[in-house]
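Naming convention: chains lettered A, B, ... in sequence-line order (proteins, then strands); numbering from 1 in each chain.
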Amino acid sequence: MQGSFGHLIKQDSLRTWWTGKGALRSPWFWFYTVFILLVVVGSVTVLSLSGYYEPLAPLFIAFGLPYMAFMIGYNLFFREWKNGTVSWWLTLPYPRYRLMTAKYLAALLQNLLIYMAILLATLLLAGYSMLLDDRYRLSDFGAALLKTVSWYGISLSIVPFMTVFGLLTAVVMSSRLKPLSPLFWIGFSITGNMATWMTAFYTDNTFWNQFGVTEPGGIVVPVWFQAAIVPVSLVLAALFLWLSARIVDRQLTM
Amino acid sequence: MKDVAVQCDSLIKTYGGKRALNGFTLSLPANRVTAVLGPNGAGKSTFFRMLTGLTAPDSGSVRVLGHAPGWRTNRQIAYLPDRARWYGNQTVAEALDWGAKLLPGFDRPRAEQLLRYMDLELQMPAEGMSRGQEARLMLTLCIARDVPLLVLDEPFAGIDLISRERIVSALIDNMSDREQTVLISTHEIVETEGLFDYAVFLENGRVALAGETEELRRERGSLEMLYRKLFG
């Protein structure tokens with residue numbers, strides 16, 4: 001049917017955040033968001049004015065984002081079971097590969113949006129702290145921008161894979177292959193940390209300098225590695241997506 | 001039997017050592033309203049899930065509308081799953097959009113007409129609906145489809161009397177409008193008996209008895225009495 005694929009993606013994408021039990025509808029979500037913002041901005045202000053704040057410290061968040069990508073993929077599939085809607089979804093008159101691809105793209109879209117929001121917040125916070133701290137000049141913001149984009153770029157490169165890995169893990173958990181699920185969780189703990197492995201292996205002995213705005217070095221992962229990881233991530237994503245659809249088609253316990 | 005809507009031969013399906021279907025063989029006539037009756041665990045839901053490709057038999061064969069079940073045949077089947085819930089993040093209007101965008105044969109004007117009958121409003125959110133309201137919404141999505149086969153798995157389970165009456169009336173109304181094969185599994189035999197013109201009784205994953213309701217009643221009394229005799 002015309003527009004069905006787009007509707008499947010829409011069904012699972014951003015609107016889930018502000019409809020039904022979506023987080024954005026909860027007053028507690030906004031309470032904690034404002035509370036955390038006040039604490040973060042207050043701390044950054046005090047620390048920057050006294051010269052103790054490192055503007056790129058929030059780049060550590062980039063390490064955790066692949067884990068988040070996995071969980072978003074995992075939840076999108078698992079939610080159908082948890083909410084009792086799985087039979088509606090699986091009896092839709094579309095091939096399982098199409099249903100799974102729509103879920104995958106919806107999860108990817110959510111991940112991209114979160115990445116953009118966190119990247120923007122990191123830069124705003126870095127710029128704000130550099131304005132308050134007289135150790136920095138305007139030109140230093142350019143260096144900070146470059147390091148931030150590089151870090152998030154590396155982290156983002158494995159997101160296509162991590163998202164589908166989460167989806168596949170949820171599928172395996174709901175299928176006759178469930179006994180294999182511990183292997184998937186071990187895989188999750190290793191691959192989620194891939195951004196750290198990639199940078200740690202290739203950095204010199206001043207790994208932590210990468211978080212210093214004015215420190216030399218920055219991202220020292222070789223360009224060829226950075227370039228290779230994107231196609232590898234995409235190829236693995238396609239393979240895992242195919243595998244997910246196959247398992248949904250033949251191995252679900254219903 | 002003239003036209004056959006569903007044909008099952010020697011179906012076996014096992015879940016963790018228990019046989020849900022055990023040599024299940026059945027032919028169901030097309031364009032009739034069939035009751036699929038039996039105690040809990042008799043295999044009714046497994047049979048319905050097989051018709052929609054949700055689960056596959058370990059052995060045996062199933063044909064639905066002349067084809068093996070799968071996503072292609074689901075274009076022609078409106079299915080109300082057992083113990084299903086509706087998407088909590090949708091309003092009734094969004095549920096109809098969902099049907100119109102994703103379900104072939106979905107007749108939106110008819111769905112809106114049915115909503116009035118089911119006492120539901122377009123702006124109502126699914127989240128917070130009573131069990132009866134949610135069941136009426138899901139049934140609306142099914143019977144608003146112009147498809148050859150309608151499969152309703154326990155459409156009255158856990159639903160109050162008024163909602164049940166509305167659903168039964170909507171079904172009767174729907175059947176008078178269309179040529180459609182309808183399969184309904186239910187435990188509310190007394191209230192729904194008048195709907196059926198064919199009945200299948202299942203026990204332990206097998207067909208215990210099947211036939212035209214008129215004949216069954218003539219030979220053995222009401223469907224309820226027959227049910228009590230078979231399973232009591």
Side-chain angles (χ1 to χ4, degrees), chain A residues 1-26 75-76 79-103 106 110 174-176 178-179 245-254, chain B residues 13-16 20 45-46 48-56 58 64 69-91 94-95 97-106 125-129 131 134 137-138 141-142 145 147 149 151 153-154:
Chain A
M1 285 174 79
Q2 211 174 14
S4 60
F5 190 62
H7 198 78
L8 284 170
I9 296 172
K10 186 182 153 200
Q11 162 83 4
D12 278 321
S13 60
L14 310 176
R15 68 186 302 282
T16 59
W17 294 0
W18 62 79
T19 53
K21 288 180 183 164
L24 300 187
R25 286 188 73 194
S26 162
N75 279 327
L76 269 193
R79 206 178 49 186
E80 299 280 0
W81 292 80
K82 197 179 77 182
N83 295 347
T85 52
V86 68
S87 299
W88 289 108
W89 179 60
L90 286 177
T91 52
L92 283 170
Y94 304 99
R96 299 278 160 87
Y97 188 79
R98 199 171 161 89
L99 297 179
M100 292 303 290
T101 304
K103 279 240 179 287
Q110 290 193 25
S174 319
S175 75
R176 285 197 287 268
K178 194 176 178 181
R246 286 283 285 196
I247 296 171
V248 167
D249 206 26
R250 296 174 184 205
Q251 301 285 340
L252 280 192
T253 48
M254 295 200 75
Chain B
K13 180 70 187 177
T14 308
Y15 291 110
S45 294
T46 305
F48 282 177
R49 282 199 288 268
M50 255 173 215
L51 298 183
T52 53
L54 272 176
T55 191
D58 300 333
V64 186
W71 66 268
R72 286 183 186 86
T73 49
N74 284 348
R75 285 181 186 144
Q76 301 186 312
I77 304 173
Y79 170 55
L80 177 71
D82 177 31
R83 282 174 289 180
R85 303 299 308 268
W86 191 249
Y87 293 95
N89 62 351
Q90 291 188 357
T91 61
E94 286 167 334
D97 289 343
W98 186 91
K101 289 273 186 196
L102 299 176
L103 302 174
F106 188 80
E127 193 186 19
M129 275 185 176
R131 194 80 183 86
E134 199 176 344
L137 170 62
M138 293 189 290
L141 290 164
C142 287
R145 283 182 73 190
V147 286
L149 179 59
V151 179
D153 196 355
E154 306 264 10

(Q) Rounded to the nearest 0.5 Å, what separates atom CZ in B:R85 from atom NZ in A:K82? (A) 13.0 Å
Q) Among A:Y94, A:F5, A:W88, which residue forms the greatest number of heavy-atom pairs with chain B at distances under 4.5 Å? A) A:W88
**Q.** Closest contact, heavy atoms only, A:S4 versus B:L102
**A.** O-CD2, 3.4 Å
Q: Looking only at non-hydrogen atoms, find the nearest pair between B:L103 and A:P93 and report the distance.
A: CD2-CD, 4.4 Å
Q: For residues A:L90 and B:N74, report the shortest heavy-atom separation together with the two atoms involved.
A: O-ND2, 4.5 Å
Q. Checking B:A56 against chain A: side chain, backbone, both or neither under 4.5 Å from a heavy atom?
A. neither
Q) A:S87 and side-chain contact (heavy atoms from CB on, under 4.5 Å): which partner among B:L80, B:D82, B:L54? A) B:L54
Q.
Less than 4.5 Å to any heavy atom of chain B: does that hold for the side chain of A:R250, its backbone, both, or neither?
A. neither
Q | Point-to-point distance, once rounded to the nearest 0.5 Å, from CH2 of B:W98 to NZ of A:K10 | A | 13.5 Å
Q. In terms of heavy-atom proximity below 4.5 Å to chain A, should B:A126 be classed as side chain, backbone, both, or neither?
A. neither
Q.
Just verifying a value: how many Å separate A:D12 CG and B:N89 CG, rounded to the nearest 0.5 Å?
A. 8.5 Å
Q) Quick one: what part of A:L92 sits under 4.5 Å from any heavy atom of chain B, side chain, backbone, both or neither? A) both
Q: Let me see the working for B:W71 and A:R96 under side-chain contact (heavy atoms from CB on, under 4.5 Å), right down to the final yes or no.
A: CA-CA 8 Å; B:W71 66 268; A:R96 299 278 160 87; 5.9 Å; no
(Q) Need one label for B:R49: side chain, backbone, both or neither, based on atoms under 4.5 Å from any heavy atom in chain A. (A) side chain
Q. More than 12 heavy atoms of other residues, nucleotides or ligands under 6.0 Å from CZ of B:R83: is that the case?
A. no
Q. Given the options B:G128, B:S45, B:A100, B:P104, which has more heavy-atom pairs under 4.5 Å with chain A than any of the others?
A. B:P104
Q) Side chain, backbone, both or neither: which part of B:P125 has a non-hydrogen atom closer than 4.5 Å to chain A? A) neither
Q) Rounded to the nearest 0.5 Å, what separation is found between the CD atom of A:E80 and the OH atom of B:Y87? A) 4.0 Å
